[in-house]
Structures are given as structure tokens and as C-alpha cells.
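The chain is numbered in sequence order, starting from 1. Side chains included, hydrogens not; waters and symmetry mates left out as well; all remaining heavy atoms used.
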Amino acid sequence: MHRFGISVYPEHSTPEKDMDYIELAAKYGFTRIFTCLLSVEEPPQTIVDHFGSWIRKAAELGFTVGVDTNPEVFTYLNAKPDDLKIFADMGVKIIRLDGHFSDREDIALTHNPYGIAIEFNASSNISLDLMLERGADIHNMVTCHNFYPQKYTGLGWERFMKFTNQYKNSGMPVSAFVSSNNRGTFGPWPVYEGLVTCEIHRGLPIDLQARHLLATGKIDDILIGNAFAAEEELRALSRIDTSRITLRIETEEDILPEEERILYSYSHFDRVDASDIFIRSSMGRKDFRNVGIPERKCTKTVLKPGDIVIVNDRLSHYRGEMQIIKKEIPLQPYWNYVGKVKDEERMLLYLLEPEYLFGFIKE
């Protein structure tokens, strides 16, 4: 099951603002919190008291809280790979390792008696499969990608997928970050250009960022890297249909009720005998075998990638089939042009494999 999460950075905020944000996120079903100890400079006991206070309150609201650490943080807090008591005392459930220890010490971390999950950096090359061979406890091992505050520094998509596949193939859950586009957001460092994992997501609507990650079929949890996201962004993420790939589209003003029914009333999937030219959803053909779909005139002569058509009465055997164009082709008279996938959403089309369920978001 996918989980959505927020981030809080108490050293840059106030307890009141942080708790208001946590309660707001709980209202929309969020269940994870990411926070960072790399940038905190308070005395160790103050950190334990301060973080422990709000972490326990968050737990009462159903949140699992993870903290970003490295070996220097461990040294500062007088923690060790075989002694995580200070994190347990704070109520921490996930320790993320931005930098890791030796292989033997990393293995020891996974055997902690507190059941704290150890979250390895998925945006790096770590031989977790070798650790498993040497006795690491896979039940206490998860992974999470980095986020990148500076514009243009986020992971390239191919590199992101390489790392993601590597850890998924080892049996690990993989999490990643999306970014709020709200004004005045912040993270652990004094850089304010968003906090995304993948550079192609920077500046996109937050729900599109998340839907693109989910469309890979490889990402488990999605965290908002910066604080504070706007309520409408939390709402948008909470409304994502995580059971299938979903796309926002623009429809023609004169679209027929029958065509709207075909677009929005089915869980679509491309046929197993897929074409290179278009995605074919044949779900409507049975219901419209004996129901007419009159031809509608269209000024378009050429269809471009992302355009959507429905077969009309001129080709009755295929009537009701919905098709999304992948390569530029001429418009045929047996197709009614009904709209197009929004330009910024077309990235999702490249992740629609044959037989993958998908649907359209009605606005």
C-alpha cells in the first residue's frame, strides 16, 4: 500500500506551526513524516527532548516518523550502530542513512531490538544484496531517494529508474520525494528552489509529480520534501487513485454524452497485442455494439501524440473503441476527435505498458 508523507524542519519553524501542519496532513490521510537531524545544532539532550515531544504527538495521529542521519549525527548524539536507544527514546521508527557506516555496522543496524527500520539512500550504489547475503535483516530494511534543493541537480530519469530497479529487485521498498510549489517553502538548507528527487518534476503540479512516480509501479511511499505544502496540494495528493495510472485531459466542447461515458466510465487498458501507433482501449466496444456514435466533423487533419479519438459509426465493428495517439498520423473519418492529454501530462503515456490499467481525471 502506498503512503504519503510530509516533511517538517523544527529548527526553521515553531512547534505551533509544525503541529498545525501535521494535523492538517493527518486530516488528508498522510501517515509518514520525514525530518532531518543533519542540520540541527542544538545540544544532544535538547534534540532528544524537542524532537521526542512532537514525534510522540505525531505518532498519536497515526504518523510514522523517520529522521535523516549520517555517522556524524550518530557521533554527536552518542549513538552507535549497535545502540539505537536514543532514537527509540525519541519515538523514531525510521532511521535514514544519508551516509552509511561499514558494511558490518550497517548490517548491525538492521538487527536493532527496537524494530526501527533502516532506510538506505536509494540515490546511490549500495550493495544491499551483498549485505543480505551476509546476514542483514531484510524486514528492517527500506530505501529512500535523495531530494535536491538546487535547480538542475535532481536525478535524471534514467538514473532514477536504474537505482530504483536495483533496490526493488533486491526486495526493498523504495520511497521518493516530490515538491510543493507553495510560496515560502523551505527545507533543511538555505536553498529555496523546491525539493524533488527527479529534476523533471521540479515546478510541475504536485499531484502530477506523484502520479508520474506511481506510474512506474516501483515507488512505494511519496514524501513532500519541503514545508509547508498548501492545503490544496495535500488535498490533491489525497485524491490520487493509486490503483491505476491517471491522466488529466482536455475535451472538445461538443463532445457527445456517449463519448464522455467511454472516457470516464471505464478502467481502460491497452491491448496485449499493442500497436506502436496508438494505445487501444477496447472496453467500450461491447457496450456500443448496438448503440450509435454519430460522426462529428473536425477541423484537424493530423493527429499528434496525446490526441484522443473514439471510433464512430463509420466503422461499426470497432465502434466505441478509445485510442490515444502515440505517433503523428492523419485523422480518419471513422474517428471522432474527442480531446487530448494535457501537454505536461504526456510523460505518463511513456509509462503505459500494454495491459496496465489507466483512467482519466474528470475536472
Do Glu259 and Asn336 get their side chains close enough for a donor-acceptor pair, meaning under 3.5 Å?
yes
Here the gap from Glu133 atom CD to Ile107 atom CD1, rounded to the nearest 0.5 Å, amounts to 10.0 Å
Between Phe147 and Asp68, is any pair of side-chain heavy atoms under 4.5 Å apart?
no
Take Asn182 and Ser180, measure what side-chain hydrogen bond (donor to acceptor under 3.5 Å, both in side chains) needs, and give me the verdict at the end.
CA-CA 5 Å; Asn182 198 18; Ser180 166; 4.9 Å; no
Between Lys27 and Glu231, is there a side-chain N and carboxylate O pair less than 4.0 Å apart?
yes
Less than 4.5 Å apart, any side-chain heavy atom of Thr246 and any of Arg211?
yes
Neighbour count above 12 (heavy atom, 6.0 Å) for Lys93 NZ:
no
Beyond-backbone contact of Leu128 with Met172, side-chain heavy atoms, under 4.5 angstrom:
yes
Are the side chains of Leu84 and Asn112 in touch, meaning some heavy atoms are under 4.5 Å apart?
yes
So does Val341 get a backbone contact from the side chain of Glu250, meaning a donor-acceptor N/O pair under 3.5 Å?
no
Salt bridge (charged side-chain N to carboxylate O under 4.0 Å, His left out) evaluation trace for Asp89 with Arg56:
CA-CA 10 Å; Asp89 289 346; Arg56 284 188 289 272; over 6 Å; no
Quick check: closest heavy atoms across Trp335 and Pro330, and the distance to 0.1 Å?
CZ3-O, 3.6 Å
Any chance you could lay out the side chain to side chain contact (heavy atoms under 4.5 Å, CB included) test for Leu97 and Asn121, step after step, and finish with the verdict?
CA-CA 6 Å; Leu97 297 179; Asn121 185 353; over 6 Å; no
Contact check, side chains of Asp82 and Leu109, non-hydrogen atoms, under 4.5 Å
no
Carboxylate-amine/guanidinium proximity below 4.0 Å for Asp343 and Lys304:
no
Side chain of Gln209, backbone of Ser179: donor and acceptor closer than 3.5 Å?
yes
For the side chain to side chain donor-acceptor pair (under 3.5 Å) test, which of His145, Arg32, His2 pairs with Ser175?
Arg32
With distance as the sole test, does Ser265 use its side chain to make a donor-acceptor pair with the main-chain N or O of Ile262 at under 3.5 Å?
no
Please verify the inter-ring angle class for Phe30 with Phe4; under 30° counts as parallel, over 60° as perpendicular, anything in between as tilted.
tilted
Given the rule in the salt bridge (charged side-chain N to carboxylate O under 4.0 Å, His left out) test, do Asp220 and Arg3 qualify, once you have shown the distances and angles that lead to the verdict?
CA-CA 7 Å; Asp220 297 278; Arg3 295 183 295 177; over 6 Å; no
Verdict with reasoning, Ser7 to Phe177, per side chain to side chain contact (heavy atoms under 4.5 Å, CB included)
CA-CA 10 Å; Ser7 298; Phe177 289 94; 4.2 Å; yes
Does the side chain of Asp18 come within less than 4.5 Å of Thr14's, by heavy atoms?
no
Taking salt bridge (charged side-chain N to carboxylate O under 4.0 Å, His left out) as the test, write out the residues that go with Asp49, two or more places apart.
none
Is there a donor-acceptor pair under 3.5 Å between the side chain of Asp307 and the backbone N or O of Lys340?
no
Could you label the plane-to-plane angle of the Phe186 and His12 rings as parallel, tilted or perpendicular, counting under 30° as parallel and over 60° as perpendicular?
perpendicular
Taking NZ, NE, NH1 and NH2 as the nitrogens, is one of them in Arg296 or Asp254 under 4.0 Å from a carboxylate oxygen of the other?
yes
Check: Phe74 ring centre within less than 6.0 Å of Phe87 ring centre
yes
Between Phe358 and Tyr266, is the ring centre distance below 6.0 Å?
no
Do Met90 and Tyr114 belong together in a cluster built from hydrophobic side chains that touch within less than 4.5 Å?
yes
Partner of Asp207 under side chain to side chain donor-acceptor pair (under 3.5 Å), picked from Arg235, His212, Arg248, Arg239, is Arg248
Which heavy atom of Ala58 sits nearest a heavy atom of Ile33, and at what distance?
CB-CD1, 3.7 Å
Between Val92 and Ile116, the two heavy atoms sitting closest are O-CG1, 3.6 Å
Set of salt bridge (charged side-chain N to carboxylate O under 4.0 Å, His left out) partners for Glu258, sequence neighbours left out
none
Could you walk me through whether Ile219 and Phe160 satisfy the side chain to side chain contact (heavy atoms under 4.5 Å, CB included) test, starting with their C-alpha distance in whole Å, then the side-chain angles of each, then the deciding distance to 0.1 Å, before giving a yes or no?
CA-CA 11 Å; Ile219 299 301; Phe160 168 76; 3.6 Å; yes
Do you know the tightest heavy-atom contact between His50 and Pro10?
CE1-CB, 3.8 Å
Under 3.5 Å: donor-acceptor pair, side chain of Asn312, backbone of Pro333
yes
Quick one: sort the His201 and Trp157 rings into parallel, tilted or perpendicular, breaks at 30° and 60°.
perpendicular
Regarding Thr110 and Asp137, do their side chains bring together a donor and an acceptor under 3.5 Å, going by distance alone?
no
With distance as the sole test, does Arg319 use its side chain to make a donor-acceptor pair with the main-chain N or O of Arg289 at under 3.5 Å?
yes
Can you confirm whether more than 12 heavy atoms, excluding those of Lys17, are under 6.0 Å from its NZ atom?
no
Please examine the side chains of His100 and Glu105, heavy atoms only from C-beta on, and report whether any two atoms are closer than 4.5 Å.
no
Indicate the ring-plane relationship of Tyr21 and Phe228, choosing parallel, tilted or perpendicular according to the 30° and 60° boundaries.
perpendicular
Side chains of Thr251 and Glu260: donor-acceptor distance under 3.5 Å anywhere?
no
side-chain hydrogen bond (donor to acceptor under 3.5 Å, both in side chains) evaluation trace for Arg96 with Asn146:
CA-CA 10 Å; Arg96 185 178 186 274; Asn146 270 345; 2.7 Å; yes
Non-hydrogen side-chain atoms of Glu344 and Leu208 separated by less than 4.5 Å:
yes
Quick one, Phe120 with Val174, criterion side chain to side chain contact (heavy atoms under 4.5 Å, CB included). Give me CA distance, side-chain angles, the key distance, then yes/no.
CA-CA 9 Å; Phe120 295 92; Val174 181; over 6 Å; no
Does Arg280 pair with Glu321 as a salt bridge, N-O distance under 4.0 Å?
yes
Residue pair Thr153 / Glu199: nearest heavy atoms and the distance that separates them
N-OE1, 3.2 Å
In terms of side-chain geometry, is the basic nitrogen of Lys342 or Glu363 positioned less than 4.0 Å from the acidic oxygen of its partner?
yes
Is there a donor-acceptor pair under 3.5 Å between the side chain of Asn165 and the backbone N or O of Met161?
yes
Taking the cut-offs as 6.0 angstrom to the six-membered ring centre and 45 degrees off its axis, would you call Lys326 and Phe278 a cation-pi pair?
no
Could you tell me the separation between the CD1 atom of Ile222 and the CD1 atom of Ile206, rounded to the nearest 0.5 Å?
9.5 Å
Glu42 to Tyr76 - nearest heavy-atom pair and separation
O-OH, 2.6 Å
Angle class for the Tyr167/Phe163 ring planes (parallel below 30°, perpendicular above 60°, tilted otherwise)?
parallel
